[in-house]
Amino acid sequence: MPELVVQLTRVGFLILLWVFVVAALRVVRSDLYAASGLKVAIPGLRRNKEQQRPRGSGKMPRQAIVTHGALAGTRITLDGRPITIGRADDSTLVLDDDYASTRHARLSLRGTDWYVEDLGSTNGTYLDRAKVTAPLRVPLGVPIRIGKTVIELRP
C-alpha cells in the first residue's frame, strides 16, 4: 500500500509540474506576440472622419503626465507621434512595473483626438475604470492605468 501511495504522489507532482510549464509557456508566448507588433483588425473600430467632438473642453492635450507609480511626475510632450508604453527598452515610456507587459499600450493621434489601445497585454489597460478592448478616445484628465502606473493627458 505505501508503494502505491508513493507512486501516485510522484505522478501527481509530475502532472502539476507540466501544468506549471504549460502556463509559463502561454505567458511567454503572449508577451512575444505582443512584442512582435502584429496588427489585428478590431471589430467595432470606426474610422469615420466626421465623428463629432463631445461638447465641453475645446482644449487640445499637449502632454501626457504620469500621476502615480514609480515614474510619477514624468512628462511626455504630445507632438503627434505615437507613444508606446511598456517594459521594452525602445518604448517611449519605459515602465519598471511587474504588471506591465513588454509592449503594453499605445497612445496615438487620430484626427484631433488621442486614442489609447491595448497591445495584447497580460494584465490589461484601463481608461478610467473601463478595460480597454478596442482603441478608445482619451479625454483630458481621464486616468489611463497600466499596472501601478497612471497617466493623464493635460493641456
Side-chain angles (χ1 to χ4, degrees), residues 16-155:
L16 188 63
L17 176 68
W18 277 107
V19 168
F20 174 75
V21 168
V22 169
L25 288 175
R26 290 183 70 198
V27 169
V28 169
R29 188 180 117 227
S30 69
D31 270 356
L32 286 176
Y33 279 125
S36 70
L38 292 174
K39 304 272 187 207
V40 179
I42 300 171
L45 174 63
R46 295 178 289 158
R47 295 198 179 261
N48 185 0
K49 295 189 177 199
E50 298 176 9
Q51 290 177 347
Q52 291 186 351
R53 195 181 224 346
R55 294 183 187 113
S57 72
K59 295 182 180 181
M60 292 289 296
R62 301 271 182 230
Q63 56 188 346
I65 300 175
V66 179
T67 58
H68 292 87
L71 298 174
T74 303
R75 296 172 184 264
I76 299 172
T77 302
L78 301 176
D79 58 2
R81 290 181 289 179
I83 296 171
T84 55
I85 305 167
R87 290 189 326 223
D89 291 334
D90 63 344
S91 296
T92 310
L93 181 62
V94 179
L95 301 178
D96 185 22
D97 188 341
D98 293 335
Y99 298 103
S101 296
T102 306
R103 304 241 187 269
H104 198 100
R106 174 177 33 232
L107 282 169
S108 56
L109 184 63
R110 296 182 184 176
T112 58
D113 296 322
W114 283 90
Y115 283 77
V116 65
E117 174 181 4
D118 186 82
L119 300 176
S121 65
T122 304
N123 294 316
T125 303
Y126 293 86
L127 180 62
D128 202 6
R129 292 186 180 134
K131 188 169 185 175
V132 175
T133 56
L136 293 176
R137 191 179 75 77
V138 181
L140 285 174
V142 174
I144 302 166
R145 186 170 54 84
I146 296 171
K148 297 177 183 176
T149 304
V150 178
I151 304 163
E152 291 182 11
L153 299 184
R154 303 268 175 89

### Query
Hey, mind stepping through Thr112 and Met60 against side chain to side chain contact (heavy atoms under 4.5 Å, CB included) and telling me if it holds?
CA-CA 8 Å; Thr112 58; Met60 292 289 296; 4.2 Å; yes
## Note on the structure
When rounded to the nearest 0.5 Å, the distance separating CD1 of Ile151 from OG1 of Thr125 is 9.0 Å
### Query
Is the side chain of Thr84 donor-acceptor paired with the backbone N or O of Thr92 at a distance under 3.5 Å, no angle test?
yes
### Task
List the steps and the verdict of side chain to side chain contact (heavy atoms under 4.5 Å, CB included) for Leu107 and Tyr115.
CA-CA 6 Å; Leu107 282 169; Tyr115 283 77; over 6 Å; no
### Task
Ignoring hydrogens and angles, tell me if any N or O in the side chain of Ser91 forms a donor-acceptor pair with the backbone of Val94 under 3.5 Å.
no
### Query
Got more than 12 heavy atoms from elsewhere within 6.0 Å of CG, Asp79?
yes
### Task
Kindly indicate whether the side chain of Leu127, heavy atoms from C-beta on, has any atom under 4.5 Å from the side chain of Val142.
yes
### Task
Return yes if some donor-acceptor pair links the side-chain N/O of Asp128 with the main-chain N/O of Ala130 below 3.5 Å, else return no.
no
### Task
For Leu78 and Ala64, work out which heavy atoms get closest and say how close.
CG-N, 4.0 Å
### Summary
Rounded to the nearest 0.5 Å, the CG atom of Leu136 sits from the CD1 atom of Ile144 at a distance of 10.0 Å
### Message
Other residues, nucleotides and ligands only: do more than 12 of their heavy atoms fall within 6.0 Å of CG on Asp98?
### Response
no
### Query
So, the side chain of Asp113 versus the backbone of Arg137: is there a donor-acceptor pair under 3.5 Å, distance only?
no
### Message
For a quick test of reading the model, state the closest non-hydrogen atom pair linking Tyr99 to Gly147 and the distance between them.
### Response
CB-CA, 3.6 Å
### Summary
In terms of heavy-atom contacts, Arg103 and Asp90 come closest through NH1-OD1, 2.6 Å
#### Entry: N-O pairing of Glu117 and Arg110 below 4.0 Å
yes
### Atom of Ile76, atom of Leu93 and distance for their closest heavy-atom approach
CD1-CB, 3.9 Å
#### Entry: Thr122 backbone acceptor or donor facing Ser101 side chain under 3.5 Å
yes
### Task
Would you give the length of the straight line joining atom CG of Leu25 to atom CH2 of Trp18, rounded to the nearest 0.5 angstrom?
8.5 Å
### Query
Which pair of heavy atoms, one from Val150 and one from Arg145, lies closest together, and at what distance?
CG2-CG, 4.2 Å
### Query
What's the verdict on side chain to side chain contact (heavy atoms under 4.5 Å, CB included) for Glu152 and Ile65, showing C-alpha distance, side-chain angles and the deciding distance?
CA-CA 5 Å; Glu152 291 182 11; Ile65 300 175; 5.5 Å; no
### Task
Please check if atom OH in Tyr126 has more than 12 non-hydrogen atoms from other residues, nucleotides or ligands closer than 6.0 Å.
yes
### Query
His104 pairs by side-chain contact (heavy atoms from CB on, under 4.5 Å) with which of Leu95, Asp118, Leu119?
Asp118
### Message
Would you say that more than 12 heavy atoms from the other residues, nucleotides or ligands in this model lie under 6.0 Å from the CZ of Arg62, or not?
### Response
no
### Task
Would you mind reporting whether Ile83 and Arg81 have side-chain heavy atoms less than 4.5 Å apart?
no
### Task
For Leu109 and Gly80, work out which heavy atoms get closest and say how close.
CD2-CA, 3.9 Å
